[in-house]
Amino acid sequence: MLAQKAETKQTGVGHATLLSKLIFSWINSLLSLGYSKSLDLQDIPSLVPQDEANMAYQKFVHAWESLVRERTKNNTKSLVLWSIVRTFLEENIIIAFYALIRTISVAVSPLILYAFVNYSNRTEAELREGLSIVGILIVTKVFESLSQRHWFFNSRRSGMKMRSALMVAVYQKQLKLSSLARTRHSAGEIVNYIAVDAYRMGEFPWWFHLTWTCALQLVLSIVILFGVVGIGAIPGLVPLLICGLLNVPFARILQNCQTQFMIAQDERLRSTSEILNSMKIIKLQSWEEKFKSSVDSLRDKEFVWLSKAQILKAFGSFLYWMSPTMISAVVFLGCAVSKSAPLNAETIFTVLATLRNMAEPVRMIPEALSVMIQVKVSFDRLNNFLLDEELNRDDSERNFKQCSVNAVEIQDGNFIWDREFVSPTLTDVNLEIKRGQKIAVCGPVGSGKSSLLYAILGEIHKISGTVNVGANLAYVSQSSWIQSGTVQDNILFGKPMDKTRYEKAIKACALDKDINEFSHGDLTEIGQRGINMSGGQKQRIQLARAVYNDADIYLLDDPFSAVDAHTAAILLNDCVMTALREKTVILVTHQVEFLSEVDTILVMEGGKVIQSGRYENLLTAGTAFELLVSAHKDTITELNKDNKNIRGFENEVLSNPQDSQGFYFTKNQSEEEISSIKGPIGVQLTKEEEKVTGNVGWKPFWDYISYSKGSFMLCLIVLAQSVFIALQTASTFWLAIAIEIPKVTNATLIGVYALISFASAAFIYVRTYLTALLGLRASTAFFSSFTTAIFNAPMLFFDSTPVGRILTRASSDLSILDFDIPYSITFVASISIEILVVISIMASVTWQVLYVAVPAIVASIFIQKYYQATARELTRINGTTKAPIMNFAAETSLGVVTVRAYSMADRFFKNYLTLVDTDASLFYHSNVAMEWVVLRIEAVQNLTVITAALLLILLPQGYVSPGLVGVSLSYAFTLTGAQIFWTRWFSNLSNYIISVERIKQFTHIPTEPPATVEHNQPPSSWPSKGKIVIQGLEVRYRPNSPLVLKGISCTFKEGSMVGVVGRTGSGKSTLISALFCLVEPSRGNILIDGINICSIGLKDLRTRLSIIPQEPTLFKGSIRTNLDPLDMYSDDEIWKAVEKCQLKETISKLPNLLDSSVSDEGGNWSLGQQQLFCLGRVLLKRNRILVLDEATASIDSATDVILQRVIRQEFAECTVITVAHRVPTVIDSDMVMVLSYGKVVEYDEPSKLLDINSSFSKLDKITKPKKLGGLGIRKAIEANTSMLGKMVCDYLWIQLLKHKYISGEMFLNMKKKLKSVTWNAIKKVLSALKDDFQFRLEDGNSSFWFTNWYGVGNLEDKNTIDNNSWKWVWHIPAPEKVKFFLLDGLT
């Protein structure tokens, strides 16, 4: 949209003439274009500079800043409100002038009616006098029409500027919010400030001016009433006062209902948003019913308040229509009793016309006041937000200081996230990082690694100390932050394209192969939150963004966790060590294998840097770092940087040069395997939002009626309205005719009139009540269909549909269904009847008026249709311009740290301004078009009114009785108003009905297979064994898209551990998706214990499988609801599970134990803890099949060790499928499957695959310890013992990887294999290892961590190997239980 809106012509108002501005003809060109074709966004002109968001914002900020400076401590006034007043006062004074003229024009209309009736009553009347009355009528109508149109247009124009200024102020504020303030305002709340509070200002000036003009109109009408009937009007003030006062509590109750409704709606939308963002895990766990019922129950709460509000409106209508009847009856009675005025045609019809003028203000004032209260609430919310704490860039959490040597310096730094906490997050930080240095930061989960980066970024509050940053920064966050847009946009990140640098960045981040595979190359659209990219791709795009940015200092927060070992090694070598070789890099990592490459390692624990130094020094120091390394599960992984070394090594060491290929990967080899296909060629994943174009006719309207089964109700509504109008007309005709009959007493006259009018008010109550019921029924039907469709939608729907698109339907579109459509339908139907009745009444008095009235109606319908073509498209386009603003704001809120780190706030701000202006331009042109059509229809209908008035003047004296003149004109004066009301409501209904279209689009999305299949339910014990057979499995994501899995066949034996490995995009996750039926196979079968999973219900399948996903997902609620959402387990069972997953200690310390809170997306728990919660869920379920989908990719080694140990203990009997990037994660599996390009390349035992030159061994063979001149253990052994080589090395290597130690028993097994091997050969091996490896001895009784360390020492001393007995000669009690642990990266 940003690109689309770049070049559009400016709107015509800027160079329009005075007349053109007066009658809005400057919009003719847009209307004629809209009539000739369906409008697109590009056709909409841009705003003139003085209406643009930036201008409004600059003025607002100027006023805001001066008010903030003037503010005293205990000043409670709303600064936002007063800033708005200061900024927009001038233009609102002009609007007030228009409103005043209009109010006076309306107020004098009863006097004109009085003059007409009076004139017709005379026996000898002068024609000139009659014509002058018509002249006055024409002048007041012209003034009323033009002033009202300009009041409405300019108040909404002013509102648009207020709205834009506040939307921009909120966005600008979120770019500056401090980290603590960000915890107080979630992304959802910030979007709400924009979507609800700021957006509400669009109508604020209109309501404000309406409030005081209503009050003025009321006062003027009372004055006129007294002028006409004298003291007889005094009794009429009593019911007026009563009705006015009754309106106050009524408005309060209605206000309360709406407030409660909004609170309930906010809660439902928060929950819906959370569910949509976590839909994958909900489907994997088969929790749809539970979460759907929670959304339904939240909707039920909302519905209670909605129905109260709607039913209350029926009482409101009754009150509104009853009050003029009551007041007029009392006034007539007052006149009759006090004889202050005769009860003749002049008096009666002037009183009725005056009371009609009073009815509107009496009804509107409470509504206007309730809107003012809502606006006040919004002002307060915005005030709190805009006054919240900002990131302090002045006393600055950091200084930018050019320093010749150091890139980053921190001296005595103490930092804290939340100032209310006593203990700081980071304490006593002292750092000096020289330019060009590579620094690694490691430590257990929660030790403060990311916080250290935040301290350098200036994102965390500094208590004391100094932070100096010597240059510009680039930052890569731990959880990847990707914007909606193309891959290229995400990498360039606002910088101009430099082709060479761009290609280098892509290559360095191993993205070139991926981009070639994407259907649109680097112009492939990325879905919201990067939904259509794998975790590895998102992380590499982030990294490429940083590399392309060409900063001086790089802060990388665990960037390699989401990629496989091979890609990680490429990234380290090509990106960190080569592309960034001259840059300063600070790398937070859990991968110990990379630590040997960096200049300095910082080891953190408990918010302190407890050790720093080079790899070798820290290792020999034998403290925390050593424990960290020994806890590290993965084998050390990295690439050899220096080809010369490799060649030299090959010459020196290898007897067989061809073997080098087996051990070392070249860049080219790795790239062949990196690919990802996740969408069909030629089709972007995130499609343009659908919008129906052209006239959809009455279909959505009938959809609305048929959905709610409301045809009968609609007929009743029309019938009630017809009876109401018939009775109203009868009461007026009764007055007109009865005053001519001398026999009718005043009491009879007033009594019959009151009776008929009261009866009509009863029918209006029935009409409004039925309307409320129709609306509630339709809301229920649509909401139910919509939520059912969303929860039953396949995963592909969520992958290709931005969350914002679903949420706008669940929020604004549903609100329109709730509140607006039912009344719009009723008004359109009712007023159509009313207009016909008015014209009939006028024709019954002066039939000649039909010569003008009929063409006027035809002209009005044509003008309406001409306008509607454009208005409909403007509303539709506007439906697609609001969501991008909200999405952009939400995206920025999630990635604000990245935006600030790259100093990109200004660019984001400009992009946001463009989005706001695009949306405002549609609001603006919709309003102009509305005023254009109303002005023209008003003019046409005023012709009818003036013709009727002229005919009454020109007809012979006494031809029409004064009573009928009164009836004809009092109805004629309502004709224009009724026609305008109908035009507005018909336009509104046409626009509102689009919401029905939009919701219906989502009720017809494809559904997943059923949750249960009646006649094919698996036994309750299934799967009892856990055997999985895959037969010729082929999967594609969409029809006609390329195959992602290409004919996979294999068997996972019951109770076995199966590892699934392969490069990023090889099809690992798709295989798991197929196992859970997230994607349906296009061919082939998956059988679990002999049952085809596609033949049973999804719930039956998914509840019997367990998964620990790649990205842990927690929901807002309590620990209990997160571990056991379906409430199936007892506290005791939950505590046992919590204990097993090592969380018991943490949870026991919390005051509410299992009921302790979990915030949005589990934000108050670390990533490692979140993953342990997911482990807790599977421990409770105890299914026979467990899937680990990259479950350990983003957690530290310590958590990983816990996870693996618990899984081995608890799931020993189960079939465990482990999807992994890294070989060591799956090395102790019974079987390993290697996937590439969606095919099974290998499937065998890991030991066999390691023996041969397999893809698996290639994946494995980039692993090597740091020492021995860069040789791996395997090579060390082979290099020193050509004879021993193949025999010992495979066995020794597999045992090392599998068990992480070699026991005495294993050595005895080796003895059998090595009978012919000489002692010297063994001695050579151990001599080669002695400098580089330490053996740790542990007898069976002593604990893991408290054993002593021994070097192998000189093999000739007393600790020797006795060649005959094959025993280690150590002085410990139980030699047979001794285990020899290899350290240095092998734990």
[atom2] on [Y] to [atom1] on [X], rounded to 0.5 Å:
X	Y	atom1	atom2	value
Ile327	Leu352	CD1	CG	11.5 Å
Glu129	Asn118	CD	CG	8.0 Å
Phe153	Leu935	CZ	CG	12.5 Å
Arg356	Ser328	CZ	OG	10.0 Å

Inset, instruction - Kindly give the heavy-atom pair with the smallest separation between Thr745 and Thr748, and that separation in Å. - result: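 Nearest heavy atoms, Thr745 then Thr748: OG1-OG1, 2.7 Å.
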Inset, instruction - Provide the closest heavy-atom pair for Ile863 versus Trp932 in the form atom of the first, atom of the second, distance. - result: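 Nearest pair, atom of Ile863 first, then Trp932: CG2-CZ3, 4.0 Å.
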Could you go through residues 725-734 and list every donor-acceptor pair under 3.5 Å that involves a side-chain atom there, pairing it with any protein atom two or more places apart or in another chain?
unit_1	atom_1	unit_2	atom_2	d
Gln728	NE2	Ser760	OG	3.2
Thr729	OG1	Ile725	O	2.6
Ser731	OG	Gln728	O	2.7
Thr732	OG1	Gln728	O	2.9
Thr732	OG1	Tyr971	OH	3.2
Trp734	NE1	Leu749	O	3.0

Legend entry - Salt bridge flag under 4.0 Å for residues Glu931 and Arg984: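 Looking at Arg984 together with Glu931, the answer is yes, because their closest N to O distance falls below 4.0 Å.
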Inset, instruction - For the residue pair Thr350 and Val117, establish whether any side-chain heavy-atom pair is separated by less than 4.5 Å. - result: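 No, too far: nothing below the 4.5 Å cut-off.
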Inset, instruction - Please state whether the rings of Tyr765 and Tyr769 are parallel, tilted or perpendicular, taking 30° and 60° as the class boundaries. - result: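 Rings of Tyr765 and Tyr769: parallel, as their planes differ by under 30°.
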Legend entry - Residue pairs passing the salt bridge (Lys or Arg N to Asp or Glu O under 4.0 Å) test where at least one lies in residues 132-146, sequence neighbours excluded: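 Applying salt bridge (Lys or Arg N to Asp or Glu O under 4.0 Å) to every pair that reaches into residues 132-146, excluding sequence neighbours, yields Lys141-Glu144.
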Report all side-chain donor-acceptor pairs from residues 819-833 shorter than 3.5 Å, counting only partners two or more places apart or in another chain.
unit_1	atom_1	unit_2	atom_2	d
Tyr823	OH	Gln310	O	3.3
Ser824	OG	Asp820	O	2.7
Thr826	OG1	Thr771	OG1	2.9
Thr826	OG1	Pro822	O	3.0
Ser830	OG	Gln721	OE1	3.4
Ser830	OG	Arg767	NH1	3.4
Ser830	OG	Thr826	O	2.5
Ser832	OG	Val828	O	2.5
Ser832	OG	Trp982	NE1	2.9

Legend entry - Aromatic ring proximity Trp206/Phe152, centre distance under 6.0 Å: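 Here the rings of Phe152 and Trp206 have centres that are less than 6.0 Å from each other.
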Legend entry - Phe97 ring center near His150 ring center (under 6.0 Å):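 That pair fails the under 6.0 Å test.
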I'd like to know if the side chain of [X] and the backbone of [Y] have a donor-acceptor N/O pair within less than 3.5 Å.
X	Y	result
Ser109	Val106	yes
Ser757	Tyr753	yes
Gln217	Asn357	yes

Legend entry - All salt bridge (Lys or Arg N to Asp or Glu O under 4.0 Å) counterparts of Arg163, not counting sequence neighbours: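 Salt bridge (Lys or Arg N to Asp or Glu O under 4.0 Å) list for Arg163, sorted by chain: Asp919.
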Legend entry - Any residue meeting salt bridge (Lys or Arg N to Asp or Glu O under 4.0 Å) with Arg936, in chain and number order, not counting sequence neighbours: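 Once residues adjacent in sequence are excluded, Arg936 has no partner under the salt bridge (Lys or Arg N to Asp or Glu O under 4.0 Å) criterion.
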Pair up each side-chain donor or acceptor in residues 834-851 with any protein partner under 3.5 Å, not counting sequence neighbours, and list the distances.
unit_1	atom_1	unit_2	atom_2	d
Ser840	OG	Leu836	O	2.6
Ser844	OG	Ile841	O	2.6
Thr846	OG1	Met842	O	3.3

Inset, instruction - Evaluate the salt bridge (charged side-chain N to carboxylate O under 4.0 Å, His left out) criterion for residues Lys161 and Glu90: first the C-alpha distance (whole Å), next the side-chain angles of each, then the deciding distance (0.1 Å), finally the verdict. - result: CA-CA 13 Å; Lys161 290 194 263 186; Glu90 219 168 277; over 6 Å; no
